[in-house]
Amino acid sequence: MSSTIGHYVDGAKVAGGERTGPVYNPATGQVASQVALASAADVDAAVGAAAQAYGGWRAVPLAKRADVMFRMRHLLKERTDELARIITSEHGKVVSDAAGEVARGLENVEFCAGLMHQLKGEFSEQVATGVDVHQVRQPLGVVACITPFNFPAMVPLWMISTAIAAGNTVILKPSERDPSAAVWLAELFTEAGLPPGVFNVVNGDKETVDAILDHPDIQAVSFVGSTPIAASIYERAASNGKRVQALGGAKNHMVVMPDADLDMAADAAVSAAYGSAGERCMAISVLVAVGDVADDVVERIRQRMDKLTIGDGTDPASEMGPLITREAQQRVGSYVGGAADEGATVVVDGREREFDGDGFFLGVSLVDHVKPGMKVYDDEIFGPVLSVVRVDTYDEAVELINANDYANGVAIFTRDGKTAREFEFDVEVGMVGVNVPIPVPIGSFSFGGWKKSLFGDTHIYGPESFNFYTRRKVVTTRWPEPSESQVNLGFPTH
């Protein structure tokens, strides 16, 4: 009988109720454990613990909060391999990729260790005679983070580290497909010195999410996931008076100019399209070939695809693992078949690759002569499928990208500085890479796209995240002599 992964509330593991769901090992296709699915009552209990802890945590001196972040940074760095293997066992990505995910999450823990700088207020002296004004940042209260399956450690660390550093208490609802990393992180934060109730994990499904969105004591909601769900969460949470940041889907383009180093571009395209089986919101899913480079770059990509090793993520020889579920495997495969029906050319069909066992494996696919209007172009596939769109000019490439509903990440490969600068200026996308295929910012900047890739106006982690998890209070002070006091019914102008 498989074990059940419960919740983490008020500093301790908590068993779930009657409702559970299966957690698979994607490499074998077998159920590895069950996960408890929280009810509204379970959510309420977690929120109660967080609310009880809030008063004490927000009063903790900033230096002591920073100490927790420094200890968490040390523990996480020391035990990265342990967490990486937990991620691989439930997500399927190769262990080295999982360790890289932890490292990118660790960047935000390190950034948050500098919370005393990020939370500094402002002061203006003598704005009027004897009058000073200062502004401080204060936490919101209990906040909720709803995170996706594709980065079960990194995205939670992008959210919870800042929320906690800013003085809030947190409810984390991770994906029910790979929930163990979240509970592991909660235990590690406790080991780092975080008081009980400051960070709580409730596992669950839509019923759990709805309870979070409707709970009156939750002040803000952060979300990363698909665009339709991001839009729904933004609307429902905002209608309940909550502050919301909801990051949605993507359709990231990579432009290859005629002057580009085509070997470098092909290496980058393969890495960015097929890493983590394409289950990344920053994966390159469309290569835009400008001018006469298409045939050459497609062939270079195809040659590299033939050499990829796909297998169990725990095997050091594997470069790509399985998809997260059988449904994802089938859905992604259907786009490849549909592309041929719509007039595209399937250069490499990943469905033809055979694998031993019953895991959720799918080979990598390359589809050429793709055009807008085809499903393989329009939809966020979220799998190892790279489409190639051919255009004649730079202007056509920019027009194509700017017409897309998604605007998360984009890249251009060129040796010409003028073209790169023009692209950076012209393109309407939130994160831009120049000869960098996956332009995820370092931890001291913030992550987020435009258009249907973001609902709300605040990006995740970095400086903008501190803005999201705090509110400003402005204090005006005057210390007059008692003899100066008088009645004045006019609007105060100092």
Side-chain angles (χ1 to χ4, degrees), residues 62-78 80 83 99-122 135-140 143 145 147 151 153-168 170 185 188-189 192 194 199 220 222-224 243 245 247 250 252 272 280-282 407-411 420-421 424-425 427 429-450 453-454 456-472:
L62 299 188
K64 290 189 176 181
R65 286 192 221 159
D67 283 344
V68 172
M69 291 297 158
F70 278 115
R71 287 196 293 270
M72 182 63 180
R73 184 255 182 203
H74 172 75
L75 291 170
L76 193 54
K77 197 171 185 69
E78 189 175 62
T80 289
L83 179 55
E101 168 186 345
V102 177
R104 293 310 301 263
L106 186 61
E107 282 185 12
N108 196 49
V109 178
E110 293 170 344
F111 181 77
C112 290
L115 61 92
M116 288 206 293
H117 173 73
Q118 296 301 323
L119 295 175
K120 284 193 303 186
E122 298 174 332
Q135 177 176 269
V136 296
R137 292 173 178 266
Q138 294 186 340
L140 305 177
V143 301
C145 304
T147 56
F151 290 105
M154 183 182 76
V155 174
L157 287 170
W158 281 0
M159 296 178 181
I160 61 177
S161 302
T162 316
I164 290 169
N168 303 280
V170 178
L185 286 171
L188 203 67
F189 262 110
L194 198 65
F199 177 31
S222 300
F223 171 82
V224 173
R243 184 178 291 190
Q245 58 177 184
L247 281 71
N252 304 315
R280 294 171 174 162
C281 69
M282 289 295 287
N408 206 44
V410 70
R421 188 181 185 282
E424 177 186 340
F425 184 83
V427 75
V429 178
M431 292 172 283
V432 181
V434 176
N435 298 320
V436 175
I438 302 181
V440 176
I442 61 172
S444 54
F445 288 81
S446 294
F447 175 102
W450 295 359
S453 294
L454 175 69
D457 58 2
T458 306
H459 291 171
I460 199 172
Y461 76 73
E464 287 194 50
S465 196
F466 273 99
N467 290 339
F468 180 78
Y469 289 119
T470 59
R471 52 188 172 183
R472 290 172 173 82

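What you see below is based on every heavy atom in this structure, not just the backbone, and it leaves out hydrogens, waters and symmetry mates. These numbers were taken from a predicted model, which means no experiment stands behind them.
Side chain of Asn408 to backbone of Met282: no donor-acceptor contact under 3.5 angstrom is found. In this structure, Tyr461 contributes its side chain and Pro441 its backbone to a donor-acceptor pair below 3.5 Å.
Within the 4.5 Å cutoff, side-chain heavy atoms of Arg471 are placed close to those of Leu140. Counting heavy atoms from C-beta outward, Leu188 and Arg71 have side chains that stay 4.5 Å or more apart. Between Met69 and Ile164 the shortest side-chain heavy-atom distance falls below 4.5 Å. With a 4.5 Å cut-off on side-chain heavy atoms, Lys77 and Val102 do not count as touching. Within the 4.5 Å cutoff, the side chain of Phe151 has no heavy atoms near those of the Pro156 side chain. By the 4.5 Å heavy-atom criterion applied to side chains, Pro463 and Ser446 are counted as neighbours. In this structure, Met431 and Val410 have side chains that are not in contact, with every pair of non-hydrogen atoms separated by 4.5 Å or more. Side-chain atoms of Leu247 and Ile460, non-hydrogen and from C-beta on, do get closer than 4.5 Å to each other.
Scanning for ring pair (Phe, Tyr, Trp, His ring centres under 6.0 Å) contacts around Phe447 gives Trp158, with sequence neighbours left out. In this view, Arg73 and Glu110 satisfy the salt bridge (charged side-chain N to carboxylate O under 4.0 Å, His left out) rule, not counting sequence neighbours. Not counting sequence neighbours, Phe223 has no partner by the ring pair (Phe, Tyr, Trp, His ring centres under 6.0 Å) test.
No more than 12 heavy atoms of other residues, nucleotides or ligands lie within 6.0 Å of CD in Glu424, so this atom counts as exposed by the packing criterion.
Shown here for Leu76 and Thr80, the closest heavy-atom pair between the two residues is O-OG1, 2.8 Å. The minimum heavy-atom distance linking Ser161 with Val109 is given by the pair OG-CG2, 3.5 Å. Nearest heavy-atom pair, Glu101 versus Ala153, reported as atom, atom and distance to 0.1 Å: OE2-N, 2.7 Å. When all heavy atoms of Ala166 and Thr470 are compared, the closest pair comes out as CB-CG2, 3.7 Å. In plain terms, the two heavy atoms of Arg137 and Leu119 that are nearest each other are CD-CA, 3.9 Å. When every heavy atom of Phe468 is checked against every heavy atom of Arg243, the shortest pair comes out as O-NH1, 2.7 Å.
Here NZ of Lys120 is found 9.0 Å from CD of Gln118. Values are rounded to the nearest 0.5 Å. Atom-to-atom distance recorded for Ile160:CD1 and Leu185:CG is 5.5 Å, nearest 0.5 angstrom. Expressed to the nearest 0.5 Å, how far CZ of Phe466 lies from SG of Cys112 amounts to 4.0 Å. For the atom pair Ile438 CD1 and Arg280 CZ, the distance stands at 4.5 Å (nearest 0.5 Å). Note that the CG atom of Asn168 and the CE atom of Met159 stand 13.5 Å from one another [nearest 0.5 Å]. Remark: Asp67 CG to Leu62 CG distance equals 11.0 Å, nearest 0.5 Å.
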List the steps, then state whether salt bridge (charged side-chain N to carboxylate O under 4.0 Å, His left out) holds for Arg104 with Glu107. CA-CA 5 Å; Arg104 293 310 301 263; Glu107 282 185 12; 3.1 Å; yes
Determine, stepwise, if the pair Arg472 / Val136 fulfils side-chain contact (heavy atoms from CB on, under 4.5 Å). CA-CA 6 Å; Arg472 290 172 173 82; Val136 296; over 6 Å; no
Could you walk me through whether Asp457 and Glu464 pass side-chain contact (heavy atoms from CB on, under 4.5 Å), step by step? CA-CA 10 Å; Asp457 58 2; Glu464 287 194 50; over 6 Å; no
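For the residue pair Gln245/Thr458, the side-chain donor-acceptor check at 3.5 Å is not satisfied.
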